[in-house]
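Inspection log for the structure reproduced underneath, given as structure tokens.
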Number of protein chains: 2
Amino acid sequence: MAFTIKEASERLGCPAHTIRFYEKEGLLPYIKRDKNGNRLFEQDHLDWVRLMTCFRATGMKLSLLKEMVNLALDGDSTIPQRKAILNQYKEELFLRQNELAEALDAVNNKLSIYEDIEKGRIPSESQLLIKMEESE
Amino acid sequence: MAFTIKEASERLGCPAHTIRFYEKEGLLPYIKRDKNGNRLFEQDHLDWVRLMTCFRATGMKLSLLKEMVNLALDGDSTIPQRKAILNQYKEELFLRQNELAEALDAVNNKLSIYEDIEKGRIPSESQLLIKMEESE
DNA sequence: GCTTGCCTTAAAGCGTACTTTAAGGCTTAG
DNA sequence: CTAAGCCTTAAAGTACGCTTTAAGGCAAGC
């Protein structure tokens, strides 16, 4: 079963233009065409786009995705390199988890300061930026 | 105690050009100057840049940071709005945590598939992209 | 006094990842 | 037969966040 670009777009929740762009960039090799030259997507292609979307959402660059595509096209002998890429990416994911945790801490801290100010527990002058205003 | 831009840059691990850029964008109001027109940074400014860096690393846009600066400059009456912004940002952080978790799952899954192939447990044809190659 | 190294500004340039535009072709409904 | 609605391509445009360039000023060391 094959899908038109419109069907692919709907199933992926991703603009058709973006899918074409990915193909043009070499991220979607071996997309067949019908007699009119229209793209025919297989389920595998959709799965791969979904995986790319998942990786993209967490900061993987298109250039790295393309590297992985190229390695995959070179066969099983490149599996060690693909593993290395994924393991490195995994390290980045851990870094990002830490960054998120830090940002969450900072947000919660800021929110609790706002609460304190609202309840008159601390004067606003101890608040960042407002202090700057004072020193004006 | 005030710092030159070079000192600020060193302490923040952030290029001086970027700090100037932030000031130009209104993200660092009320930076004083010495008699030669050189910027003098207070500890508060460094703290705020650090917080911005933390928020930026997790996807907050400069335009939103600027909104928060502007609200802060308008005084305590804008605290509800600032809280609303931070609470919304917090929701985004949770979304990102989920995205990271999903990506980690996907990476681990892919890695285990590679292991299986390397150990001959499954044929490479079941592997994404390589299947595409086959259908060529 | 002149070089070095910092500082200043304004403006242009860059990388990433799309997104939009323009120009045109096939197919199906009326 | 013609208009709607999909498809195609190539190329230009956009948004964001810096980063680099250009042109020049002050200040300390030799």
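Each chain gets a letter, A, B and so on, in the order its sequence line appears, and its residues count up from 1.
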Report each atom pair, protein N/O against N/O of nucleotides 26-29 of chain D, whose distance is under 3.5 angstrom.
residue, atom, partner, partner atom, Å
D:dC26, O3', B:Asn36, OD1, 3.3
D:dA27, OP1, B:Asn36, OD1, 2.9

Keeping A:Asp74 on the side-chain end and A:Thr78 on the backbone end, is there a donor-acceptor pair under 3.5 Å? no
Closest heavy-atom pair, A:Ile5 versus A:Phe41, reported as atoms and distance to 0.1 Å, is CA-CE1, 3.6 Å
Notebook entry, point to check: Between A:Lys66 and A:Glu23, does at least one N-O distance fall below 4.0 Å, as a salt bridge requires?
Noted result: no
Taken to the nearest 0.5 Å, the spacing of B:Thr58 OG1 from A:Glu102 CD works out to 9.5 Å
Looking only at heavy atoms, the pair that brings A:Ala2 and A:Glu42 closest together is CB-OE2, 3.8 Å
*asked:* Under 4.0 Å, counting only non-hydrogen atoms across every strand here, what does B:Arg20 touch: a base, just sugar-phosphate, or nothing?
replied: base
Counted 5' to 3', the first and last nucleotides of DNA chain C within 4.0 Å (strictly under) of a heavy-atom of chain B are C:dC6 to C:dT9
**Q.** Ionic contact status for A:Glu118 with B:Lys83, cut-off 4.0 Å
**A.** yes
Taking N or O atoms only and anything under 3.5 Å, show me the protein contacts with nucleotides 15-17 of chain D, one pair per line.
residue, atom, partner, partner atom, Å
D:dG17, OP1, B:Arg56, NH1, 3.4
D:dG17, OP1, B:Leu62, N, 3.2

Here the distance between atom P of D:dA11 and atom CD of A:Glu25, to the nearest Å, is 14 Å
A:Asn87-A:Glu91 side chain donor-acceptor pair, cut-off 3.5 Å:
no
Between the CG atom in B:Asp44 and the CG atom in B:Leu28, the distance rounded to the nearest 0.5 Å is 11.5 Å
Separation between CZ (B:Arg39) and CZ (B:Arg33), nearest 0.5 Å, reads 4.0 Å
All heavy atoms of A:Trp48 vs all of A:Leu27, minimum pair found to be NE1-O, 2.8 Å
